[in-house]
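First the structure, in the form of structure tokens, and then the observations on it.
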Amino acid sequence: MKIISPRVHGYLDYVTVVVFLLAPMVIGLTGIPAMLAYALAGVHLVMTLATDFSLGVAKLIPLAIHGWVERVVGPLLILVSFIPAFAANTPAQIFYILIGIVIILVGLLTDYRRTQ
């Protein structure tokens, strides 16, 4: 069942940007895990602003493509958590596993066919 509307998904996208930005400071990410969190915050912000839905600004990326990107990113974040630089840092590994799971779940519950 697709219970998340594109509008709610947009709000969740902006929350995700803030989570990526705050994670290094709040849970103590350093090095590569911290740099990746900041990079993902920027990429996620640009993608959200460029998506063609009610909370997008530029509306260049179809919502369905946005969804496919997230379907790839969620599992990749879980996989990246097992790279030695992440696995050696327990907060980083837990963070990337959890954020990957959240992105997967939001993707599964979002109705990408709706426009609003």
Side-chain angles (χ1 to χ4, degrees):
M1 179 180 355
K2 306 290 185 177
I3 59 172
I4 298 176
S5 70
R7 181 183 258 320
V8 170
H9 186 104
Y11 289 123
L12 294 173
D13 278 342
Y14 288 113
V15 168
T16 301
V17 170
V18 172
V19 168
F20 278 127
L21 283 174
L22 293 179
M25 294 171 280
V26 173
I27 62 174
L29 299 182
T30 59
I32 294 170
M35 289 186 296
L36 181 60
Y38 291 130
L40 287 169
V43 169
H44 209 88
L45 178 61
V46 169
M47 186 157 159
T48 301
L49 291 170
T51 297
D52 185 12
F53 63 167
S54 61
L55 295 177
V57 176
K59 303 188 185 305
L60 301 171
I61 300 170
L63 183 57
I65 300 298
H66 178 110
W68 279 108
V69 170
E70 290 180 346
R71 286 181 187 104
V72 171
V73 169
L76 283 177
L77 291 177
I78 294 170
L79 289 174
V80 81
S81 74
F82 292 97
I83 293 172
F86 292 75
N89 180 338
T90 303
Q93 187 174 41
I94 292 169
F95 172 73
Y96 282 100
I97 289 171
L98 290 177
I99 197 77
I101 290 169
V102 168
I103 289 172
I104 290 168
L105 290 175
V106 169
L108 289 171
L109 296 173
T110 296
D111 186 352
Y112 291 103
R113 292 176 290 165
R114 287 176 44 189
T115 57
Q116 300 300 324

Roughly how far, to the nearest 0.5 Å, is CG of L77 from CG of L40? 6.0 Å

Can you tell me how far the NE2 atom of H44 sits from the OH atom of Y14, to the nearest 0.5 Å? 9.5 Å

V8, L109, T110 screened by side-chain contact (heavy atoms from CB on, under 4.5 Å) with I3, the one that passes: L109

Give the cluster check for V18 versus L55: same hydrophobic cluster or not, with ILVMFWY residues linked at side-chain heavy-atom distances below 4.5 Å. yes

Could you list the donor-acceptor pairs under 3.5 angstrom formed between side-chain atoms of residues 93-107 and any protein atom two or more places apart in sequence or on another chain?
residue, atom, partner, partner atom, Å
Q93, NE2, S81, O, 3.2
Y96, OH, P33, O, 2.7
Y96, OH, A37, N, 3.0

Would you say V19 and L22 are hydrophobically clustered, going by side-chain heavy atoms of ILVMFWY under 4.5 Å? yes

In this structure, CD1 of I78 is separated from CZ of F86 (nearest 0.5 Å) by 13.5 Å

Can you measure from CG (D13) to CG (L45) and round to the nearest 0.5 angstrom? 10.0 Å

Under a 4.5 Å side-chain heavy-atom rule over Ile, Leu, Val, Met, Phe, Trp and Tyr, are Y38 and F20 clustered together? yes

Any donor-acceptor pair under 3.5 Å from K59 side chain to F53 backbone: yes

Pick out which of L60, I61, V69, V46 makes a side-chain contact (heavy atoms from CB on, under 4.5 Å) with T51. I61

Over all heavy atoms of both residues, which pair between L29 and P91 is shortest? Give the atoms and the distance, please. CD2-C, 4.1 Å

Sorted by chain and number, sequence neighbours left out, side-chain hydrogen bond (donor to acceptor under 3.5 Å, both in side chains) with E70 holds for H9, H66, Y112

Compare all side-chain heavy atoms of Y11 with those of V15 and state whether any distance is below 4.5 angstrom. no

Distance col, row D52:CG vs L63:CG, nearest 0.5 angstrom, shows 8.0 Å

Tell me whether V17 shares a hydrophobic cluster with M47, the cluster being built from Ile, Leu, Val, Met, Phe, Trp, Tyr side chains joined at under 4.5 Å. yes

Hey, any chance M25 and I32 share a hydrophobic cluster, counting ILVMFWY side chains that come within less than 4.5 Å of each other, even indirectly? yes

